[in-house]
Amino acid sequence: MSSLPEASISAPYPVLLLAEDLVLDCPVSEPRRLTGLQLRPGLTLVRSDDDSDMSHLLRLLSGTVKPRSGQLQWLLHSRPVSTTELERLVFWADPADRSQDQVSVSAYWQQLRGRYPRWNDAMLDELQVELGLTPHLDKALFMLSTGSRRKVAPAAALAGGAALALLGQA
């Protein structure tokens with residue numbers, strides 16, 4: 001069993017996620033162990049040589065898949081978070097998910113708008129202009145270039161106001 005890199009951040013900010021002795025059943029490689037992960041507000045880069053393993057880790061952190069063993073605990077104001085709260089606190093858009101390919105950019109954002117209570121339309125308006133997405137709002141996601149498609153989820157993540165945004169590579 002190989003290990004993912006240990007990650008721990010010492011900061012004065014509250015811990016949002018604690019992971020102890022997690023064992024992940026990765027789809028392509030042998031099981032992976034993750035120890036001592038503490039995610040706090042801010043930017044954290046987690047890397048792996050295997051994109052499939054990284055996507056699986058992001059699914060785990062989003063609550064989409066469960067670990068083989070170990071403990072993953074989300075905290076909000078130092079109390080455990082329910083699954084329903086987790087869906088509103090964590091932004092996760094799986095770049096491998098093609099179920100939204102027929103949906104337009106604006107319809108995709110509209111779906112997400114109802115999920116995140118801190119959604120900021122003014123921020124999204126500014127981001128779509130700055131990222132050059134305005135001409136693509138009525139296009140289905142599958143019609144976008146790779147570069148434009150890669151901008152859609154981060155714009156939604158920022159506008160959504162989630163406590164944690166998980167972004168993978170497309």
Side-chain angles (χ1 to χ4, degrees), residues 1-97 99-100 108-109 111-124 126-127 130-131 150-170:
M1 181 180 321
S2 60
S3 294
L4 291 170
E6 281 195 31
S8 180
I9 302 169
S10 296
Y13 301 106
V15 173
L16 294 174
L17 174 114
L18 294 170
E20 287 298 328
D21 298 320
L22 288 180
V23 176
L24 290 75
D25 286 321
C26 295
V28 177
S29 64
E30 61 189 61
R32 300 284 182 132
R33 181 176 303 279
L34 180 63
T35 301
L37 177 67
Q38 295 183 6
L39 292 182
R40 298 173 188 270
L43 182 63
T44 302
L45 174 64
V46 182
R47 299 183 331 171
S48 173
D49 292 336
D50 188 324
D51 288 342
S52 176
D53 288 353
M54 185 54 56
S55 293
H56 195 70
L57 173 62
L58 293 175
R59 286 184 194 96
L60 173 87
L61 296 176
S62 73
T64 308
V65 299
K66 303 293 179 212
R68 177 196 288 186
S69 64
Q71 183 179 5
L72 183 68
Q73 185 175 17
W74 282 95
L75 303 170
L76 181 63
H77 307 297
S78 300
R79 65 170 177 76
V81 173
S82 71
T83 304
T84 305
E85 286 177 299
L86 183 60
E87 290 174 356
R88 286 185 242 126
L89 290 171
V90 177
F91 180 90
W92 164 237
D94 187 347
D97 179 12
S99 66
Q100 300 293 316
Y108 175 71
W109 285 339
Q111 290 172 6
L112 294 172
R113 184 176 280 114
R115 183 172 165 187
Y116 298 101
R118 295 176 51 196
W119 187 273
N120 185 329
D121 282 320
M123 180 181 285
L124 183 62
E126 187 175 332
L127 287 166
E130 293 299 321
L131 295 173
R150 284 183 179 158
K151 297 173 186 177
V152 172
L158 290 168
L164 180 69
L166 302 171
L167 301 172
Q169 289 182 244

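Sequential numbering from 1 along the given sequence is applied to the chain's residues. Because the structure is a prediction, the values reported are computed rather than measured.
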Which residues pass the salt bridge (Lys or Arg N to Asp or Glu O under 4.0 Å) test with D25, not counting sequence neighbours?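 For D25 the salt bridge (Lys or Arg N to Asp or Glu O under 4.0 Å) partners, ignoring immediate neighbours, are R68.
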Please report the closest heavy-atom contact between L16 and A163, naming both atoms and the distance. CD1-O, 3.7 Å
More than 12 foreign heavy atoms under 6.0 Å from CD of Q73: is that the case here? yes
Find out whether L164 and W92 are in side-chain contact, i.e. whether some heavy atom of one side chain is under 4.5 Å from a heavy atom of the other. no
For [X], which residues count as a side-chain hydrogen bond (donor to acceptor under 3.5 Å, both in side chains) partner, sequence neighbours excluded?
X    : result
Q111 : Q100
D121 : R113, W119
S62  : T64
R118 : none

About how many Å separate [atom2] of [Y] and [atom1] of [X], when rounded to the nearest 0.5 Å?
X    : Y    : atom1 : atom2 : result
R150 : L167 : CZ    : CG    : 12.5 Å
R33  : D21  : CZ    : CG    : 6.0 Å
L89  : W74  : CG    : CH2   : 8.0 Å

List the residues meeting side-chain contact (heavy atoms from CB on, under 4.5 Å) with [X], not counting sequence neighbours, and say none if there are none.
X    : answer
L158 : M123, L127
L60  : L22, L24, L57, V65, P67, L72
R88  : T84, P117
E20  : T35

Identify, with sequence neighbours excluded, every residue that meets ring-ring contact (aromatic ring centres under 6.0 Å, His included) alongside Y116.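 So Y116 forms a ring-ring contact (aromatic ring centres under 6.0 Å, His included) with F91.
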Start with the C-alpha gap between V90 and L17, add the side-chain angles, then the distance that decides, and say whether side chain to side chain contact (heavy atoms under 4.5 Å, CB included) holds. CA-CA 11 Å; V90 177; L17 174 114; over 6 Å; no
